[in-house]
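Every number for a ligand or one of its atoms is a count from 1 in the order of the listing. Values in this document were obtained by computation on a predicted structure and should not be read as measured data.
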Amino acid sequence: MTRLTEKDIKGLTYELKLYDADLYRKTGMTLLQIACTAAGLSIDYFLQQSASKKVAVVPITVGQGIIGSFASSIQGVTNYLGFETFVTEETDVTGIAKGVINGADILFMADDNKFIAVNLEKKLIIDNGKATGRGFVAAMQGLANGLKNKEVLVIGAGQVGSEAISYLLSIGAKVAFLDSDPMKTKALIEQYPDKLSSLKIESNLNQALLNYKYIVDACPLAAFMTQDNLHPEAKVAAPGVPLGLTADLYSTYQHNVIHDPLQIGVATMLAMAVCQ
Ligand code: PYL
């Protein structure tokens with residue numbers, strides 16, 4: 001996933017209510033419902049956990065360092081979903097220690113390569129890439145009124161894309177995918193020997209875009225989906241940045257697009273971390 005900038009997430013926390021209302025209009029699901037669906041969790045259990053479990057977000061300075069608003073945006077989402085959350089004043093190892101000492105049950109932290117949630121009691125590590133892939137497919141199910149037996153194109157077979165493919169196959173969708181790295185493509189086919197009838201490799205991006213109504217954009221390309229190369233009834237799940245649609249197309253077509261820089265991924269990480 002491409003590294004976020006503060007510009008991508010500034011104001012996210014204050015706009016969560018509006019964001020959630022927009023998500024509900026598009027998918028018929030709230031952020032909470034999407035996260036629990038993706039995590040295979042009952043909402044009752046999630047709400048019960050929110051009453052007793054505490055979350056700490058630990059800023060991490062290694063590598064390219066802290067991203068402004070990153071920790072507070074995570075806190076905004078977990079607070080919004082009902083979990084008491086604090087951002088540790090200290091960073092890195094000291095921050096982790098303070099988080100645990102101050103009673104956190106779940107820690108969120110990210111360096112330049114990994115963004116994880118840790119359930120300390122259950123010794124569980126949830127990766128943002130996996131959670132994002134599942135969360136956006138769960139939201140796409142709402143947008144598409146179900147995906148069973150429907151053909152879905154997944155662009156990019158990295159962490160997010162491969163988890164999206166896995167979840168799509170598990171809910172009975174027919175998956176086509178493409179990736180610029182033939183090794184990733186080969187590895188994916190070998191991972192699902194019993195699903196070959198529901199799994200197809202595409203090799204030409206522009207041709208594929210025209211042929212599929214449902215698209216999961218899990219690749220780092222910017223603005224490659226335009227008015228001209230999309231299926232006329234396309235519905236797109238576009239996690240993270242950069243956005244695969246051109247700004248012009250997104251402005252007129254966003255009612256058919258699920259896109260955010262962090263929200264669905266963080267909400268699904270939380271649901272997967274409290275797991276039943
Ligand atoms: C988690 C995001 C999703 C897409 N790209 C990932 C990213 O930007 N990773 C870097 C996160 C660095 C956070 C920094 C901090 O503020 O604690 N270490």
Distance-only N or O hit between ligand 1 and [X], under 3.5 Å:
X    : value
I60  : yes
L262 : no
A110 : yes
P59  : no
T2   : yes

Which of the atoms in ligand 1, numbered in the order shown and given with their element, are less than 4.0 Å from a heavy-atom of [X]?
X    : value
G65  : 14 (C), 18 (N)
F115 : 1 (C)
D111 : 10 (C), 11 (C), 12 (C)
L4   : 2 (C), 7 (C), 8 (O)

Among V216, D179, L205, find the residue that satisfies the side-chain contact (heavy atoms from CB on, under 4.5 Å) test when tested with I155.
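That would be L205.
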For the residue pair Y250 and H259, categorise the inter-ring angle as parallel (less than 30°), tilted (30 to 60°) or perpendicular (more than 60°).
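Y250 and H259: perpendicular rings.
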Might you work through the salt bridge (Lys or Arg N to Asp or Glu O under 4.0 Å) test for D20 and K17, ending with a clear yes or no?
CA-CA 5 Å; D20 205 2; K17 269 210 173 63; over 6 Å; no
Let's go through K174 and E151 carefully: what are the C-alpha distance in whole Å and the side-chain angles of both, what is the deciding distance for salt bridge (Lys or Arg N to Asp or Glu O under 4.0 Å) to 0.1 Å, and is it a yes or a no?
CA-CA 5 Å; K174 300 220 171 294; E151 291 189 325; over 6 Å; no
Side chain of D260, backbone of I264: donor and acceptor closer than 3.5 Å?
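Indeed, once roles are kept as given, a pair shorter than 3.5 Å links the two residues.
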Is there a side-chain contact between Y214 and V236, using heavy atoms and a 4.5 Å cut-off?
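No - every pair of side-chain heavy atoms lies 4.5 Å or more apart.
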CA sep, side-chain torsions, deciding dist, call: K235, E233, salt bridge (Lys or Arg N to Asp or Glu O under 4.0 Å):
CA-CA 7 Å; K235 295 192 184 291; E233 296 168 62; over 6 Å; no
